[in-house]
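Chain naming here is simple, since letters A, B, ... match the order of the sequence lines and numbering starts at 1 in each.
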2 protein chains.
Amino acid sequence: MVDPERSTELLWGARSRRGLSLERIVRAAIELADAEGLAAVSMRRVAERLGFTTMSLYRHVPGKAELVDLMRDEVAGEEPAAGADRRPGWRAELEAWARDGLALYRRHPWLAEPSGTRRVPGPNAVAGFERALGAAARAGLPPAEVVAVVTLVGGFVESAARQVLETARAERRTGVSEEEWWGARDSLFQHLDRYPTLSRIYREGGYDTPLDPFEFGLQRVLDGVEALVRDGTRDETRDETRCAVCGKTVEAAATGRPRDYCSRACRQRAYRTRKS
Amino acid sequence: MVDPERSTELLWGARSRRGLSLERIVRAAIELADAEGLAAVSMRRVAERLGFTTMSLYRHVPGKAELVDLMRDEVAGEEPAAGADRRPGWRAELEAWARDGLALYRRHPWLAEPSGTRRVPGPNAVAGFERALGAAARAGLPPAEVVAVVTLVGGFVESAARQVLETARAERRTGVSEEEWWGARDSLFQHLDRYPTLSRIYREGGYDTPLDPFEFGLQRVLDGVEALVRDGTRDETRDETRCAVCGKTVEAAATGRPRDYCSRACRQRAYRTRKS
DNA sequence: CTCTCACGTGTATGGCGTATACATCTGGTA
DNA sequence: TACCAGATGTATACGCCATACACGTGAGAG
């Protein structure tokens, strides 16, 4: 059903050979999704918006999964807002990348919507990845850690975007704020005295002015990366190395092994990965 | 279509009033999802597995969305593996919580699968949340930050679980390892010289033995939280406070305002949130 | 013993992705 | 100019999905 091979071919192939229809289909689908969400994107509706029959789409796109892949990569190619701050340094660059990512999700909220299709990276998505790699690489980390850092930040952006968009959607749906909505869920909060910490934190005002999950999380994540960077540059001659799985600093064993793991669990994981 | 009110009522209500069917339905649906994925869970298939007609389910469950809510909360109530390490201290507890979360995703991979339904928290999910709040609260952070930390870690676990399960699924599907799969995508990698950093990192072996995204990311995230904790306890008498949006440390302005923001962007965001 | 009503069934509707067979349009060659 | 092959669009149909609605039916309450 889902054919990654065909998807990559479409994503990377010479797009406008005949200059015509594939792009119009993708664009129409994006407009539909922007207006009504991913759920509204059906082959029927896209075709009808273009004034064609449903099956005509299949002359240009193998199926819906590939269409969604193309939609994703198409919007990934949009230029980030030029006005934003572009300070130098790996942290500022990574931060800007993350912020551009969130802006992309804001422009196209359906990106955060679940779709059964597996994601195949297209040229525009890879270009974004490249940009993030460049930023992370300037931190001076070893290559595998550069990749892991970008994966981490990228995953965080998606997760935070989902949270932010979810609450935004909840507010818009009924016209009431998130706070009021939860306030009305008596049926839920009736039971909350079973949870002492939760209700204590609620009483103490932990929910009154919630921190922005994106801004807060981003700073924590980048702080974590920064700790890793500092840890690595601190002292090159020292007899310590990094766990090859999770990156924790570990003192080299007396035996002088070339690579160490911070725990049995991590060692096992490394072996399991290699066995393939 | 999706009715949160009804969902909460079902999730929190006295479950086995008549002792029988709702639980059997949920359990059958979970078995189906465990075996064949969320996509295989249709009202037909669930009913047929129980030896009833499709419509009989609607006597016990208002619709599919609510069924999925119930499935999620049901598995959220499973006991975490008892053998795991249970060291004290907020960091170890939060780490254990995250690891239990990942284990849950491993037992029920469909949790990470996208489903159009919005998630309504049930009692078991809230119990997990309570546990994480307790751990984070022991770090001595102000309440709003405790909530934000748990949100961050929870979001990370979901994101990392998705990544881990995705690669695991990719390996199983064709029987080849992730590495070989990507190696076979010539049509993709042909174009990769357009991306200098990416190909340099690839050449330098950044992809040869990738770090475990869960283990690596978890340590970074917790390092970030730890930096926040240390920052807060370091010096209470100092004339500094935290940005009310993103948690960055900021020096109090000369004017002695009660609450400060680290940047114009964060101040704007705070106002926008309050306007509701 | 009857009434009632929760529970299960049968049938139908409208939407979906897409397989297959057919029609039409177009451009290159004879 | 005539013709034909391939590209492009169309018509119809199938099987799946969630679910609305009207209808039985059987066990417990009065």
Q: For the pair B:Glu130 and A:Arg194, find out whether any cationic side-chain nitrogen is under 4.0 Å from an anionic carboxylate oxygen.
A: no

Write down the distance between [atom1] ([X]) and [atom2] ([N]), rounded to a whole number of angstrom.
{"X": "B:Met43", "N": "D:dC17", "atom1": "CE", "atom2": "C1'", "answer": "11 Å"}
{"X": "A:Glu66", "N": "C:dT18", "atom1": "CD", "atom2": "C1'", "answer": "12 Å"}
{"X": "B:Ile25", "N": "C:dG8", "atom1": "CD1", "atom2": "C1'", "answer": "11 Å"}
{"X": "B:Leu57", "N": "D:dC17", "atom1": "CG", "atom2": "P", "answer": "13 Å"}
{"X": "B:Leu67", "N": "D:dT19", "atom1": "CG", "atom2": "P", "answer": "10 Å"}
{"X": "A:Lys64", "N": "D:dC16", "atom1": "NZ", "atom2": "P", "answer": "19 Å"}

(Q) Distance check, rounded to the nearest 0.5 Å: A:Leu104 atom CG versus A:Arg99 atom CZ? (A) 15.0 Å

Q: To the nearest 0.5 angstrom, please state how far the CZ atom of A:Phe216 sits from the CG atom of B:Leu152.
A: 6.5 Å

Q | A:Ala33: partners by side-chain contact (heavy atoms from CB on, under 4.5 Å), with sequence neighbours left out | A | A:Val41, A:Met71, A:Trp110

Q: Establish, yes or no, whether a centroid distance under 6.0 Å links the rings of B:Phe156 and B:Phe214.
A: yes

Q.
By nearest atom, which of the nucleotides D:dG9, D:dT19, C:dC16 is closest to the A:Ser56 side chain?
A. D:dG9

Q: Please tell me which of the listed nucleotides, C:dG17, D:dC17, D:dG9, lies nearest to the side chain of B:Ser42?
A: D:dC17

Test your reading of the model: is there a side-chain donor-acceptor pair from [X] to the backbone of [Y], 3.5 Å cut-off?
{"X": "A:Ser56", "Y": "A:Phe52", "answer": "no"}
{"X": "A:Asp34", "Y": "A:His108", "answer": "no"}
{"X": "B:Arg162", "Y": "B:Ala112", "answer": "yes"}

(Q) So B:Met43 and B:Leu67, do their side chains get closer than 4.5 Å, heavy atoms only? (A) yes

Q | Residue closer to the 5' end of DNA chain D, A:Arg59 versus B:Arg59 (nearest nucleotide) | A | A:Arg59

Q: Taking only heavy atoms on the protein side, list every residue of residues 27-39 of chain B lying under 4.0 Å from any atom of DNA chain D, sorted numerically.
A: none

Q. Considering only heavy atoms, which members of residues 46-55 of chain A lie under 4.0 Å from some atom of DNA chain D?
A. A:Phe52, A:Thr53, A:Met55

Q: Ignoring backbone atoms, test whether B:Arg44 places a side-chain nitrogen or oxygen under 4.0 Å from the OP1 or OP2 oxygen of D:dC17.
A: yes

Q) Within the structure, does a side-chain N or O atom of A:His60 lie under 4.0 Å from either OP1 or OP2 of D:dA7? A) no

